[in-house]
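No hydrogens, no waters, no symmetry mates; every other heavy atom, side chains included, goes into these values.
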Amino acid sequence: MAEQERAIRTRRTILLAAAKVFQEHGYRAATISQILAEAAVTKGALYFHFPSKEDLAQEVLLSQNRDFFVPDCVYKVQEVVDMVLLHTCRLQRDPMVQAAVRLAVDQFAHGLNRTESFVRWDSLVEERLEKAQAQDELLPHVVPADTASVLVGAYSGIQSLSQAVSEHRDLYTRVTALLRHLLPSVAVPSVLASVDMSEDRMLRLHAEMTARAQ
């Protein structure tokens, strides 16, 4: 049991080190030597868990979906907003998620499957919007798949801009501005009036998800 726990800790240490290196240097410039130095582990230990830099990066990419949880709400539009708020908070606080997003938008990350994270977010948002549509929360013209694609694409651009300008410090402000512009063309006014996109809600969602994952 102790040996297994040690292996889990070592794996986590390597992943965190890789995330830091990928975040600072990008996929192409990052090296195994840099990751080894950051993790302070042997090359044998690293290759025992991850056979290549690509395997390491792929695991970091997948981390942004791990433990992600949004509670059920009466209005499914609120759940869409909660997904956006929660991901925003994680991007500001979690180095692993920061690195995952950096890899997802890295045009030089050749050989990595970068589509999975975008497809996953598209699917999660579309699923919530379809439920919202079934509950008459959406305007008649709304096509859930199209709206999900627009939201995910717009968020990706907003977070890239925020990263470049302020290292995500202004991400909440930018993201809520995006929602205030987008939601009136999606949700019926009675639902829109009940939507909470406050910073307090964002922090509460993050605390609940963190507690749930422990």
Side-chain angles (χ1 to χ4, degrees), residues 61 63-94 97-98 100-102 104-105 114-213:
L61 264 173
S63 69
Q64 64 179 305
N65 297 326
R66 193 164 293 122
D67 298 326
F68 191 81
F69 173 78
V70 170
D72 290 336
C73 299
V74 173
Y75 291 122
K76 297 305 167 184
V77 168
Q78 181 67 63
E79 290 183 24
V80 173
V81 170
D82 287 349
M83 290 173 64
V84 173
L85 293 177
L86 185 52
H87 191 56
T88 296
C89 198
R90 296 176 86 205
L91 253 176
Q92 291 178 316
R93 292 163 176 253
D94 190 332
V97 175
Q98 292 167 3
V101 171
R102 167 76 188 267
V105 299
R114 297 186 296 118
T115 63
E116 186 173 342
S117 49
F118 291 107
V119 170
R120 173 66 173 162
W121 285 115
D122 255 8
S123 176
L124 288 172
V125 175
E126 182 180 352
E127 177 187 327
R128 280 348 190 265
L129 288 171
E130 286 175 345
K131 290 179 179 178
Q133 190 173 58
Q135 295 183 178
D136 297 322
E137 298 178 32
L138 307 185
L139 295 168
H141 68 273
V142 173
V143 178
D146 292 347
T147 301
S149 181
V150 168
L151 179 56
V152 171
Y155 187 95
S156 179
I158 287 289
Q159 76 81 21
S160 293
L161 177 60
S162 177
Q163 168 63 24
V165 171
S166 70
E167 296 185 345
H168 287 145
R169 286 189 298 274
D170 67 354
L171 184 58
Y172 170 75
T173 301
R174 291 182 183 275
V175 165
T176 50
L178 169 66
L179 291 172
R180 286 196 301 271
H181 281 77
L182 179 63
L183 288 180
S185 67
V186 175
V188 299
S190 59
V191 171
L192 192 59
S194 73
V195 168
D196 182 357
M197 60 180 76
S198 66
E199 191 167 10
D200 283 346
R201 184 177 183 88
M202 179 181 74
L203 296 174
R204 186 169 66 252
L205 286 166
H206 186 263
E208 289 174 0
M209 190 201 71
T210 301
R212 181 186 175 91

Colleague: Check whether any side-chain heavy atom of Leu203 lies under 4.5 Å from a side-chain heavy atom of Arg93, and answer yes or no.
Modeller: yes
Colleague: Check salt bridge (Lys or Arg N to Asp or Glu O under 4.0 Å) between Arg204 and all other residues, then give those that pass, not counting sequence neighbours.
Modeller: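 For Arg204, no residue satisfies salt bridge (Lys or Arg N to Asp or Glu O under 4.0 Å) once neighbours in sequence are set aside.
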Colleague: Any chance you could measure Ile158, atom CD1, to Thr173, atom OG1, to the nearest 0.5 Å?
Modeller: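 OG1 of Thr173 is found 11.0 Å from CD1 of Ile158.
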Colleague: Between Ser198 and Asp200, is there a side-chain donor-acceptor contact under 3.5 Å, judged purely by atom types and distance?
Modeller: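 Judged by distance alone, the side chains do not pair up.
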Colleague: If you look only at pairs with a residue in residues 164-176, which of them pass as a salt bridge (charged side-chain N to carboxylate O under 4.0 Å, His left out), with sequence neighbours excluded?
Modeller: Glu167-Arg169, Asp170-Arg174
Colleague: What do the steps show when you test Val142 against Leu129 for side-chain contact (heavy atoms from CB on, under 4.5 Å), and what is the final call?
Modeller: CA-CA 9 Å; Val142 173; Leu129 288 171; 5.8 Å; no
Colleague: Answer yes or no: is there an ion pair linking Glu127 with Lys131, defined by an N-O contact shorter than 4.0 Å?
Modeller: yes
Colleague: Only counting residues at least two apart or in another chain, list the ones meeting ring-ring contact (aromatic ring centres under 6.0 Å, His included) with Phe68.
Modeller: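 In terms of ring-ring contact (aromatic ring centres under 6.0 Å, His included), with neighbours along the sequence ignored, Phe68 is linked to Trp121.
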Colleague: Checking Val84 against Leu151 for the side-chain contact (heavy atoms from CB on, under 4.5 Å) test, could you report, in this order, the C-alpha distance in whole Å, the side-chain angles of both residues, the deciding distance, and whether it holds?
Modeller: CA-CA 9 Å; Val84 173; Leu151 179 56; 4.2 Å; yes
Colleague: Nearest 0.5 Å, please: how far is CG in Asp196 from CG in Asp82?
Modeller: 8.0 Å
Colleague: Using the salt bridge (Lys or Arg N to Asp or Glu O under 4.0 Å) criterion, which residues pair with Glu199? Sequence neighbours excluded.
Modeller: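 Residues passing salt bridge (Lys or Arg N to Asp or Glu O under 4.0 Å) with Glu199: none at all.
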Colleague: Indicate yes or no for a side-chain donor-acceptor contact from Ser149 to the backbone of Ala145 under 3.5 Å, with no hydrogens or angles considered.
Modeller: no
Colleague: Between Ser185 (side chain) and Leu182 (backbone), is there a donor-acceptor pair under 3.5 Å?
Modeller: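 The answer is yes, because a donor-acceptor pair under 3.5 Å joins these two groups.
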Colleague: Under a 3.5 Å distance rule, please check whether Gln135 uses its side chain to pair with a backbone N or O of Tyr75 as donor and acceptor.
Modeller: no
Colleague: Any donor and acceptor pair, going by atom type alone, linking the side chain of Glu79 with main-chain N or O of Cys73 inside 3.5 Å?
Modeller: yes
Colleague: May I have all residue pairs that pass ring-ring contact (aromatic ring centres under 6.0 Å, His included) and include part of residues 145-185, sequence neighbours excluded?
Modeller: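 Listed once each, the pairs are His87-Tyr155.
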Colleague: Run His141 and Asp146 through side-chain contact (heavy atoms from CB on, under 4.5 Å) and show every step you take.
Modeller: CA-CA 11 Å; His141 68 273; Asp146 292 347; over 6 Å; no
Colleague: Main chain of Phe69, side chain of Glu208: is a donor-acceptor contact present, judged purely on distance under 3.5 Å?
Modeller: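 No: the side chain of Glu208 does not pair with the backbone of Phe69.
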Colleague: Can you check side-chain contact (heavy atoms from CB on, under 4.5 Å) on Cys89 and Leu205, steps first, answer last?
Modeller: CA-CA 9 Å; Cys89 198; Leu205 286 166; over 6 Å; no
Colleague: Out of Val195, Leu192, Val188, Val186, which one pairs with Val77 under the side chain to side chain contact (heavy atoms under 4.5 Å, CB included) rule?
Modeller: Val195
Colleague: Taking the side chain as everything from C-beta on, heavy atoms only, tell me whether Gln159 gets closer than 4.5 Å to Val105.
Modeller: yes
Colleague: First locate atom CG of Leu178, then atom CE of Met197, and finally report the distance between them rounded to the nearest 0.5 Å.
Modeller: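 Separation between the atoms: 9.5 Å.
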Colleague: Quick one: salt bridge (Lys or Arg N to Asp or Glu O under 4.0 Å) partners of Asp94, sequence neighbours excluded?
Modeller: none
Colleague: Quick one: pull up CD in Gln78 and CG in Asp72 and give me the separation to the nearest 0.5 Å.
Modeller: 12.5 Å
Colleague: Hey, could you give me the CG/OG distance between Leu161 and Ser156, rounded to the nearest 0.5 Å?
Modeller: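 Leu161 CG to Ser156 OG: 11.5 Å, rounded to 0.5 Å.
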Colleague: With Leu85 as reference, evaluate Arg90, Met202, His206 under the side chain to side chain contact (heavy atoms under 4.5 Å, CB included) test and give the passing residue.
Modeller: Met202
